[in-house]
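Scroll down for the structure; my scribbles are underneath it.
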Amino acid sequence: MEMAIASHISLTPLKPLKNPNLNSNINTSNKRSFSFSSPLLRNQFFGRTLPSTLIPKSPFDVHSRSSIRSSIKCSVSAATEAEAAAERRSQLMRRSDIRNIAIVAHVDHGKTTLVDAMLKQAKVFRDNQVVQERIMDSNDLERERGITILSKNTSITYKDTKINIIDTPGHSDFGGEVERVLNMVEGVLLVVDSVEGPMPQTRFVLKKALEFGHAVVVVVNKIDRPSARPDFVINSTFELFIELNASDEQCDFQVIYASGIKGKAGLSPDNLAEDLGPLFESIIRCIPGPHIDKDGALQMLATNIEYDEHKGRIAIGRLHAGVLQRGMDVRVCTTENTCRYGRIGELFVYEKFNRVAAQAVEAGDICAVCGIDDIQIGETIADKIYGKPLPAIKVEEPTVKMAFAINTSPFVGREGKYVTSRNLRDRLYREVERNLAMRVEDGETADTFIISGRGTLHITILIENMRREGYEFMVGPPKVINKRVDDKLLEPFEVATVEVPEEHMGPVVELLGKRRGQMFDMQGLGSEGTTLLKYKIPTRGLLGLRNAILTASRGTAILNTIFDSYGPWAGDISTRDLGSLVAFEDGTTSSYALSSSQERGQLFVAPGVDVYKGQIVGIHQRPGDLSLNVCKKKAATNVRSNKEQTVVLDTPLDYSLDDCIEYIQEDELVEVTPRSIRMCKNPKIGKKTR
């Protein structure tokens, strides 16, 4: 208790002690065990006041203060006496004028919208400035899909304290981005939806943050939803902390209730302030400043790489020790202690929404460095004489792989700018420099490459980016990366979470069962009539599952997955029952041919489209493939028919890149060009017919 009192006094002046002698009678261990002794007492951890009969008399009452600052209590915000002694011994110090935070959450829990509100209330933009929604999602692909793909930096100033904010992706496929940026921060804002509670990616990002020892502020977002259930969400989050072996200090987290879209936050769900003041105060109080060696030898870990047409490669990272100056000669070190020399060309810090040139940066701040053309993520920019490398960044291994090859279709070179294997190879190896969670290997032939990633979405985003850059190539179906341990074949398993309305639950459960999924939890979600199903399922079973689940639930189900562990081989899984309709010859499709072909299944092509022999033009209504002539024209004879026959064609299926990759099987390929996405049979694999 003495330590806790000392920490609060150091942070903000509080009321004087009424009776100093009480300190000797209070046992710190009793306070900790008292806090955990029953579910009723968990409220003490969540910023809410307990009944006075249950709280031991304290020398002062923090909650009696009317100001927001006095209501926010965090045990992690102050170092213990042992830590303080260790700091003195190593001559380290904490900067009080900077906070480095990452905003982490499951997908669609409102991270980027919350950052929008923080930027607006910190007066980053003019009052009359037109600002688009989700301004941190600056990439075209991010705005189209409505998701965050790349982590991005910005900063705001609140009460003379600079807060560096890193917005991170929420999809598990981009977990490598989250693992990377956690090296740059001292604390995280864990954003949790007020209805859904902790989801698979919430668990993943929290586990990583706790492993780094970061302070955590839990933000229960979307508190204005009609079916919000904050008590359930808080208890579920607390149980997640316990499951992940969080320390007692980390379990004593501060909770903020917020509505990101309205820009409001508060310490209780029923009493929100008119702005995000309580959230800013929590960041200042609960997240410690950076731990630095101000007078030590220069050390900066390159955590991110950007590229600028004029400035070249830009390394972004946090300065751990020393002072970095523009024009300074430095040593660039890798983990193997192999070093080379370089010079800092330009230096930038993040102010508001821009990069601003700086002459010097002190330890603890996040900065961007130009001038070192060959710098890689994970390398250390160190002092020229005394510099030593920092520990390398570690990310988890990939679980899915796909084969990339040059385009061999008859339409090669019609639309693409880069079509050779050399172009493809250079682009793929360039991607690996920035994307740490991805791997590239040479394939069996000189024009084939194996790309490994966290999931199909991870690799699909790369394919989409390359397509927009003018590349033309082919990709094979996704395959899982198996392991063999002690002569036993192991495959990756994932935890799949499905939100589905109760009326569609039967078909979804049946579908997951066919794919070797094992249900381990089922619960109702609020008053919306939605059921939450949790399965442990082989990654193989998830390939092609998203479309099948949407079909089974009439487009209402939401599927989220995250890697769990490797387990024994689950057996054969059938992912697709129906065959494909394949073009019989080269040519242009005609209405006459398609009118008879559509009786065989659903078509992908409309009249007047160029096709080639072996191209997949539809889904067969039975197992096995069927070759069709979709280019046949009506015979032109001199016998005039009494009446022209009216042809009524069904609307063709419009498959996106993700849909095509989910659809194809072992003997099929997706042809990707800047303007078209086609599927075809792999000519190197034998025919599979009825």
Side-chain angles (χ1 to χ4, degrees), residues 107 137 139-150 169 171-174 398 400-409 411-412 414-419 423-424 427-428 431 435 438 440 448-479 542-551 555 559 561 575-576 580 602-606 609-612 615-619 651-682:
V107 62
D137 288 346
N139 190 330
D140 288 342
L141 209 51
E142 291 179 321
R143 301 201 66 80
E144 286 173 23
R145 291 176 178 248
I147 60 174
T148 303
I149 297 170
L150 302 171
H171 275 277
S172 57
D173 287 34
F174 310 116
V400 174
K401 62 183 179 182
M402 290 174 68
F404 283 49
I406 60 169
N407 190 359
T408 54
S409 83
F411 295 165
V412 61
R414 282 194 183 183
E415 301 171 5
K417 184 179 176 184
Y418 307 106
V419 295
N423 295 141
L424 189 59
R427 176 64 180 84
L428 292 174
E431 179 69 21
N435 201 331
M438 197 169 273
V440 177
T448 307
F449 307 94
I450 307 298
I451 312 300
S452 306
R454 287 284 182 86
T456 51
L457 181 64
H458 189 198
I459 303 176
T460 303
I461 293 296
L462 167 64
I463 295 170
E464 185 65 43
N465 281 327
M466 290 175 63
R467 176 183 169 226
R468 295 180 183 207
E469 291 166 15
Y471 286 85
E472 197 173 290
F473 54 98
M474 285 184 161
V475 295
K479 300 176 183 176
L542 293 172
L543 302 178
L545 179 63
R546 199 171 300 273
N547 272 338
I549 273 195
L550 286 174
T551 304
L559 172 67
T561 60
T575 56
R576 197 179 90 197
S580 299
Q602 294 175 287
L603 297 176
F604 294 139
V605 291
V609 176
D610 289 341
V611 296
Y612 55 84
Q615 181 177 335
I616 296 172
V617 294
I619 304 173
T651 305
L653 294 173
D654 184 17
Y655 266 24
S656 66
L657 175 62
D658 304 69
D659 297 332
C660 290
I661 287 173
E662 279 197 357
Y663 175 81
I664 60 173
Q665 290 195 315
E666 194 70 32
D667 62 336
E668 296 166 346
L669 298 170
V670 177
E671 178 191 353
V672 180
T673 70
R675 285 187 296 220
S676 308
I677 297 169
R678 307 181 189 94
M679 291 179 283
C680 64
K681 305 303 287 186
N682 189 343

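Excluded from the calculations below are hydrogen atoms, water molecules and symmetry mates; all remaining heavy atoms, backbone and side chain alike, are included.
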Any salt bridge (charged side-chain N to carboxylate O under 4.0 Å, His left out) involving residues 651-663? Give me the pairs, sequence neighbours left out, ordered by first then second residue. R145-D658
R675 vs R467, side-chain contact (heavy atoms from CB on, under 4.5 Å): CA-CA, chis, key distance, verdict: CA-CA 8 Å; R675 285 187 296 220; R467 176 183 169 226; 5.8 Å; no
Is a side-chain donor or acceptor of N465 paired with a backbone partner of I461 at a separation under 3.5 angstrom? yes
Sorted by chain and residue number, the side chain to side chain contact (heavy atoms under 4.5 Å, CB included) partners of R414 (sequence neighbours excluded) come out as F411, D610
Using the ring centroid of each side chain, check whether F449 and F404 are separated by less than 6.0 Å. no
Please work out which of the three classes, parallel, tilted or perpendicular, describes the rings of Y663 and F604, given edges at 30° and 60°. perpendicular
Could you give me the CA-CA distance, side-chain angles and deciding distance for E666 and K681, then say whether salt bridge (Lys or Arg N to Asp or Glu O under 4.0 Å) is met? CA-CA 9 Å; E666 194 70 32; K681 305 303 287 186; over 6 Å; no
How far apart are the closest heavy atoms of L428 and V440, and which atoms are they? O-CG2, 3.8 Å
When you compare the side chain of H458 with that of N435, does any pair of heavy atoms fall below 4.5 Å? yes
Do you know which two heavy atoms are closest between E668 and S580, and how far apart they sit? OE2-OG, 3.0 Å
Between the OG1 atom in T651 and the CG atom in L603, the distance rounded to the nearest 0.5 Å is 11.0 Å
Within-4.5 Å side-chain heavy-atom neighbours: T673 and R678: yes
Supply the atom-to-atom distance L543 CG to I664 CD1, rounded to the nearest 0.5 angstrom. 10.5 Å
From I619 atom CD1 to Q602 atom CD, the distance as rounded to the nearest 0.5 Å: 5.5 Å
Kindly indicate, with the supporting measurements, whether the criterion side-chain contact (heavy atoms from CB on, under 4.5 Å) is fulfilled by E469 and R427. CA-CA 10 Å; E469 291 166 15; R427 176 64 180 84; 2.7 Å; yes
Between A403 and T448, the two heavy atoms sitting closest are CB-CG2, 4.4 Å
Got a sec: does the OH of Y612 have more than 12 other heavy atoms crowding it under 6.0 Å? yes
Does the side chain of P674 reach to within under 4.5 Å of the side chain of E415, using non-hydrogen atoms? yes
Side chains of N407 and F473: closer than 4.5 Å at any heavy-atom pair? no
Specify the closest pair of heavy atoms between V412 and E472, including all atoms of both residues, with the distance to one decimal. CA-OE2, 3.2 Å
Distance, nearest 0.5 Å, that separates CZ of R546 from CG of L457: 7.5 Å
Looking at side-chain heavy atoms only, is the closest gap between V419 and I406 below 4.5 Å? no
Set out, in order, the CA-CA distance, both residues' side-chain angles and the distance that settles side-chain contact (heavy atoms from CB on, under 4.5 Å) for E431 and L462, then state yes or no. CA-CA 8 Å; E431 179 69 21; L462 167 64; 3.6 Å; yes
Hey, does R454 have a side-chain heavy atom less than 4.5 Å from the side chain of V400? no
Going by distance alone, is a donor N or O of one side chain under 3.5 Å from an acceptor N or O of the other, for E671 and S409? yes
Determine whether N423 and Y471 satisfy the following criterion, side-chain contact (heavy atoms from CB on, under 4.5 Å), listing intermediate values before the conclusion. CA-CA 8 Å; N423 295 141; Y471 286 85; 4.2 Å; yes
In Å, rounded to the nearest 0.5 Å, how long is the span from CG of L669 to SG of C680? 5.0 Å
Can you see which heavy atom on P478 is nearest to which on M402, and at what distance? CA-CG, 3.6 Å
Can you see which heavy atom on S452 is nearest to which on I459, and at what distance? C-CD1, 4.4 Å
